[in-house]
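Below, chain A is the first sequence line, B the second, and so on; all start at residue 1.
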Number of protein chains: 2
Amino acid sequence: MKDVAARAGVGLKTVSRVVNEEAGVTETTIARVQAAIDALGFRRNDSARLLRKGRTASIGLVLEDLADPFYAPLSRAVEEVARAHANLLFTGSSAEDSAREQELVLAFCARRVDGLIVVPASDDHRYLEPEMAAGVATVFVDRPAGQITADEVLTDNAGGVREGVAHLVAHGHRRIGFLGDRPHIHTATERLRGYREAMAAAALPVHDSWVSMGPTAPDRVRSELERMLAGPEPVTALFVGNNRITVTAVRVLARYGRPVALVGFDDFELADLLRPGISVIAQDPALLGRTAARLLFRRLDGAAGPPHRVELSGHLIARGSGEIPPTH
Amino acid sequence: MKDVAARAGVGLKTVSRVVNEEAGVTETTIARVQAAIDALGFRRNDSARLLRKGRTASIGLVLEDLADPFYAPLSRAVEEVARAHANLLFTGSSAEDSAREQELVLAFCARRVDGLIVVPASDDHRYLEPEMAAGVATVFVDRPAGQITADEVLTDNAGGVREGVAHLVAHGHRRIGFLGDRPHIHTATERLRGYREAMAAAALPVHDSWVSMGPTAPDRVRSELERMLAGPEPVTALFVGNNRITVTAVRVLARYGRPVALVGFDDFELADLLRPGISVIAQDPALLGRTAARLLFRRLDGAAGPPHRVELSGHLIARGSGEIPPTH
DNA sequence: CTGAAAGCGCTTACAG
DNA sequence: CTGAAAGCGCTTACAG
């Protein structure tokens with residue numbers, strides 16, 4: 001910019017005015033400055049600009065896995081809202097590792113993002129308190145913040161599962177299994193709670209052997225499923241805790257002799273094309289992301305007030321697998 | 001930092017030394033500075049730091065759609081490589097709009113990203129020449145750069161399609177249709193070329209009515225497919241140009257009376273669980289992203305030399321749909 | 001309409 | 001071992 005000013009024979013401030021299209025510069029001066037800009041290939045450094053301005057016009061998004069079919073549309077929705085507000089988006093995957101989540105969040109804060117959208121991997125976000133106190137707007141999405149109160153956009157996980165389990169009960173099932181993700185994940189535990197509540201509401205017992213919480217690794221899902229189907233009190237139906245597990249469960253059941261009813265949490269592409277179609281409790285990941293991002297920008301636009309909590313609800317999509325009657 | 005220095009009663013440079021863990025500061029001084037840092041809740045501003053340092057330790061990724069099941073794993077792979085190099089990642093979706101691609105790319109450059117990974121939507125990247133001349137390392141991935149020479153990581157699209165079409169020919173098909181994406185997309189045209197080459201190699205004619213290039217919107221795919229299946233020379237097999245189209249084609253064929261053979265470009269989850277399983281030419285999006293990112297960081301580490309072009313190859317996965325014999 | 005000075009928050013190059 | 005000055009590339013607040 002200094003070079004441009006020198007070449008155009010004007011002051012720094014005048015170059016700044018031209019670059020920012022501020023009013024009050026003569027046509028001839030503009031032309032002279034513009035010529036110098038073109039000749040020198042000058043490109044304004046927005047980082048320097050924003051250092052002076054205070055805001056960076058960027059937000060950070062931390063989620064579990066950018067490649068996950070659930071989080072990918074959420075990211076895209078956040079991106080669209082950020083774009084509408086002329087903000088750039090940093091993204092990072094925590095890989096379900098709380099240390100990595102913190103590392104990413106603090107790295108974004110060190111770059112002075114204006115805001116943060118976080119799908120927590122950690123269950124303790126007190127490390128964020130100084131940042132939030134310093135003015136970094138933060139919205140938690142999909143899972144609640146740990147040990148602090150903050151804006152949150154969540155799905156009613158327990159409610160969704162209750163609906164799914166009640167659906168299986170309505171189709172005559174009494175021995176219903178629950179196959180979920182690791183218990184330290186908030187949504188996994190909430191979904192388990194919904195299962196227990198629905199079973200209790202139907203006055204049905206829950207055998208320990210019908211419940212399994214753990215990694216979504218196919219090997220584990222396979223063996224746990226086989227155990228539930230082979231025991232002395234085999235399940236005739238399953239509620240499955242997320243899309244990763246559903247996919248594996250469907251693979252296992254495809255090779256199993258008897259039909260087993262199944263309802264999964266989270267919709268997925270082609271669920272309607274399988275035979276039977278897979279019944280699911282669907283949430284809308286894009287809506288989750290969009291809602292969180294809008295809330296974030298309302299905060300950045302100055303909306304004060306206590307932490308806001310939005311709860312979205314899932315809904316049942318019946319496609320066949322959840323309507324299979326009990327076989328024994 | 002000024003406040004910390006004042007409170008600790010030291011110079012600015014000493015605070016800088018402590019924050020950066022540079023050698024040559026007394027234990028007692030460190031303790032005093034650290035106490036001031038804690039008391040004031042000081043957090044270093046990396047943007048300011050990097051302004052002075054020259055590099056921003058961030059890269060930008062522009063692709064078609066962050067939510068697309070093909071690009072999501074590519075993004076994640078880029079992210080992992082960036083992380084290994086202690087870089088932060090900006091992401092943005094061009095939505096197949098060349099103006100939006102340019103806007104994103106230039107916004108990233110204005111923030112002075114060190115490097116750029118671009119899945120082009122545009123066919124003219126001359127707008128990037130000043131940026132590249134100014135030192136922004138750039139790698140194009142999945143599709144080539146337009147009107148400039150640059151580092152590229154591509155898939156051998158034509159070769160993949162030749163393999164797929166030859167597979168259909170080997171199973172006895174002579175009337176094979178091609179249903180592809182819009183012709184201005186480089187990969188779409190390359191795949192069409194592979195189709196024509198394979199048909200020619202098998203000495204088979206190609207009817208105009210067997211080829212359709214256009215938007216992946218389900219309505220269009222459906223009507224074009226119905227046309228190909230209903231004409232006077234109906235196709236008995238289809239090569240389908242990408243995963244978006246494949247999904248719709250599978251839906252349409254599921255309701256069609258006669259079995260139609262199908263091979264699609266790009267693998268997708270659950271392709272093996274459909275009946276029949278869907279045969280595809282699979283590429284590895286994560287490998288594409290990883291390769292591009294590694295090349296980018298080699299450039300950033302100083303690797304000189306002319307533009308480098310890497311071509312990865314796809315491979316056929318036979319699952320049933322591509323092995324259906326002709327029915328008439 | 002235009003520009004010189006000070007400052008955003010840090011680091012570099014130097015001197016003590 | 002420590003710090004004052006200058007500078008990264010811009011904008012703000014003023015003065016003319």
Inset, instruction - Starting from P on dC8(C), measure out to CE on Met1(B) and report it in whole angstrom. - result: 13 Å
Legend entry - Along DNA chain D (nearest heavy atom to each residue), the more 5'-positioned of Leu12(B) and Arg112(B): Leu12(B)
Legend entry - Check: Arg52(A) side chain, dG7(C) base, donor-acceptor under 3.5 Å: yes
Legend entry - Any donor-acceptor N/O pair, Arg299(A) side chain to Ala304(A) backbone, under 3.5 Å: yes
Legend entry - Residue Ala48(B), side-chain heavy atoms: nucleotide from dG9(C), dT11(C), dG9(D) that is nearest: dG9(C)
Legend entry - Nucleotide-level pairing of DNA chain C, given in dot-bracket where Watson-Crick and G-U pairs need both distances under 3.5 Å and | marks other strands: |||.||||||||.|||
Inset, instruction - Assign Lys13(B) to base, sugar-phosphate, or nothing according to its heavy-atom contacts below 4.0 angstrom with the strands shown. - result: base
Inset, instruction - Mind listing the residues from residues 16-45 of chain A sitting with a heavy atom below 4.0 Å of DNA chain D? Number order is fine. - result: Ser16(A), Asn20(A), Phe42(A), Arg43(A), Arg44(A), Asn45(A)
Inset, instruction - Measure from CG on Leu50(B) to P on dT12(C) and round the result to the nearest Å. - result: 11 Å
Inset, instruction - Please determine if Arg83(A) and Glu103(B) form a salt bridge, counting it only when a charged side-chain N lies under 4.0 Å from a carboxylate O. - result: yes
Inset, instruction - Flag the pair Glu64(A) and Arg100(A) as a salt bridge only when some basic side-chain nitrogen lies within less than 4.0 angstrom of an acidic carboxylate oxygen. - result: no
Legend entry - N/O donor-acceptor pair under 3.5 Å between Thr291(B) side chain and Leu287(B) backbone: yes
Legend entry - Test item: Thr187(A) side-chain N/O and Ile185(A) main-chain N/O as donor-acceptor pair under 3.5 Å: no
Inset, instruction - To the nearest Å, give me how far apart CZ (Arg55(B)) and C1' (dC8(D)) are. - result: 16 Å
Inset, instruction - Verify side-chain hydrogen bond (donor to acceptor under 3.5 Å, both in side chains) between Asn20(A) and Arg44(A), making sure each step is shown before the conclusion. - result: CA-CA 10 Å; Asn20(A) 295 310; Arg44(A) 181 177 68 191; 2.3 Å; yes
Inset, instruction - Without swapping roles, check the side chain of Asn157(A) against the backbone of Thr155(A) for a donor-acceptor pair under 3.5 Å. - result: yes
Inset, instruction - Round to the nearest Å and state the distance from Arg111(A) atom CZ to dC10(C) atom P. - result: 14 Å
Legend entry - Distance, rounded to the nearest Å, where Leu51(B) contributes CG and dC10(D) contributes C1': 8 Å
Inset, instruction - Please check if the side chain of Asp181(A) supplies one atom and the backbone of Ala188(A) the other of a donor-acceptor pair under 3.5 Å. - result: no
Inset, instruction - Ignoring hydrogens and angles, tell me if any N or O in the side chain of Gln147(A) forms a donor-acceptor pair with the backbone of His125(A) under 3.5 Å. - result: no
Legend entry - Interatomic distance, Lys2(B) NZ vs dG7(C) C1' [rounded to whole Å]: 8 Å
